[in-house]
Amino acid sequence: KEPKQKAIRTTVEAMKTAESHFALAFHIPDIKNDSTYAIDVTEAVLGGGQTSRLYKELKLEQELVYSISAYAMTLKDPGLFLITGTADSAKLKEIIGAVYTEITRLAETGPTEEELERVRLGLESGFIYSRENMQGIASKLGYYETTLGDYKFEQKYIDGIKSVTAKDVTAVLKRYLTVENMSVSVLLPEPVAEGVAISEADIKESLQRSSKNLEEAKATAKAEALPNAKATSKAMGMALRTTEALAQSLENDSGALRLLCTAFTQQRQRQRQRQRQRQRKRQKQRKRKRQRQRQKQRRRQSQETRQRHSSR
């Protein structure tokens, strides 16, 4: 069993690729853990499509990324919560801080009821679509039986998703999506252009600045509500101590991130599999359409033949 991670881990590599890739990974428990339902809801709220918080804030509002998404890799053994995306190399430092800011905001305020309802509906719809063909049904039943020993887990999962509350989501964020439990991986296009390279120190500095800005914003809000200068000074002191504690926790803990690389590979395989399934579905639809056209043509020819015989 892998020892518990106690400090942020970072890795920066260069490769021949068209654009920069980044990933933030957080350790999460195995699929049998009761937190699984809240983790999956958190994934959808943070990075599940164009209505997610990260997509709207980092892509639409700030225009920092080309793409961004979240994926909870829940396995038979402990897995990873991944936030991945592509972007301009010059913006990576700002992006990592902005992602952490959105995680922290969601942890403080929790999702809205509208977000929760949208996520519940989306996850349940996914199960319904997976039953459209025998392959999807067999794959899901096989996964549940081999991973959980219960091929009837689907209904239990749907009920668990429906029961997730905003407090459950904030609890998951505060427990698992923390700086101490974070691994950051950055892949830069090769050759790296001058002035756009990002180092491990830059990543940590970005997270520190993001945390400091959040603490200062909270301290300012508290200061405006405090009745006197003494209370204001106390709030600023608390913010300073919190920032110092975070800075101390950001110790370098280098090492190979094999699990993160495995997660990247599995995610790409899942995307290719979904693409092949969509292609097969379109092929079947075109085949059925051609069959209906041929049947219609044969009926029309048969009708014309009967009409000619009757006219004679």
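Model, not experiment: these values are computed from the prediction.
Counting all heavy atoms, side chain and backbone alike, Phe26 lies closest to Ile103 at CZ-CD1, 3.9 Å. Of all non-hydrogen atoms in Thr17 and Pro189, the two that sit nearest each other are O-CB, 3.3 Å. For Thr36 against Asp30, the heavy-atom pair with the smallest separation is OG1-O, 3.4 Å. Shortest non-hydrogen contact noted between Leu106 and Pro111 is CD1-N, 3.6 Å.
Applying the side chain to side chain contact (heavy atoms under 4.5 Å, CB included) rule to Ala44 yields the partners Val119; only residues at least two apart in sequence or on another chain are considered. Applying the salt bridge (Lys or Arg N to Asp or Glu O under 4.0 Å) rule to Lys56 yields no partners; only residues at least two apart in sequence or on another chain are considered. Taking Asp159 as the reference, Gln155 meet the side chain to side chain donor-acceptor pair (under 3.5 Å) condition, with sequence neighbours excluded. Looking at residues two or more places apart in sequence or on another chain, you find no salt bridge (Lys or Arg N to Asp or Glu O under 4.0 Å) involving Glu57. Partners of Thr86 under the side chain to side chain donor-acceptor pair (under 3.5 Å) rule, at least two apart in sequence or in another chain, are Ser67. For the salt bridge (Lys or Arg N to Asp or Glu O under 4.0 Å) test, no residue two or more places apart in sequence or in another chain qualifies with Glu19. Lys284 meets the side chain to side chain contact (heavy atoms under 4.5 Å, CB included) test with Arg288; sequence neighbours excluded. Take Ser206 and apply the side chain to side chain donor-acceptor pair (under 3.5 Å) test, not counting sequence neighbours, and it matches no residue. The salt bridge (Lys or Arg N to Asp or Glu O under 4.0 Å) test applied to Arg105 returns Glu102, not counting sequence neighbours.
Asp168 and Tyr37 share no side-chain donor-acceptor pair at under 3.5 Å.
Under the side chain to side chain donor-acceptor pair (under 3.5 Å) criterion, the residue pairs touching residues 292-304 are Ser302-Arg306, with sequence neighbours excluded.
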Donor-acceptor list for residues 90-99 side chains, cut-off 3.5 Å, not counting sequence neighbours:
| unit_1 | atom_1 | unit_2 | atom_2 | d |
| --- | --- | --- | --- | --- |
| Lys91 | NZ | Glu63 | O | 3.1 |
| Lys93 | NZ | Glu205 | OE1 | 3.3 |

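Remark: Gln291 CD is packed, more than 12 non-hydrogen atoms of other residues, nucleotides or ligands lying under 6.0 Å away. Residue Arg175 places its CZ atom among 12 or fewer non-hydrogen atoms of other residues, nucleotides or ligands, all under 6.0 Å distant.
A heavy-atom distance below 4.5 Å is found between the side chains of Leu46 and Leu177. Residues His27 and Tyr176 have side chains not in contact (no heavy-atom distance under 4.5 Å, counting atoms from C-beta outward). Taking the side chain as every heavy atom from C-beta outward, Leu207 and Met182 approach each other to under 4.5 Å. Using a 4.5 Å cut-off on side-chain heavy atoms (C-beta onward), Ser69 and Tyr55 make no contact. Looking at Phe81 and Val172, their side chains never come closer than 4.5 Å, going by heavy atoms from C-beta outward.
With values rounded to the nearest 0.5 angstrom, Thr84 atom OG1 is found 10.5 Å from Tyr71 atom OH.
Members clustered with Leu187: Met15, by chain and number, using a 4.5 Å side-chain heavy-atom cutoff among hydrophobic residues.
Panel note: side chain Gln5, backbone Ala7; a donor-acceptor pair is recorded below 3.5 Å.
Leu80 and Leu75 fall within the same hydrophobic cluster, defined by Ile, Leu, Val, Met, Phe, Trp and Tyr side-chain heavy atoms under 4.5 Å apart, directly or through other members.
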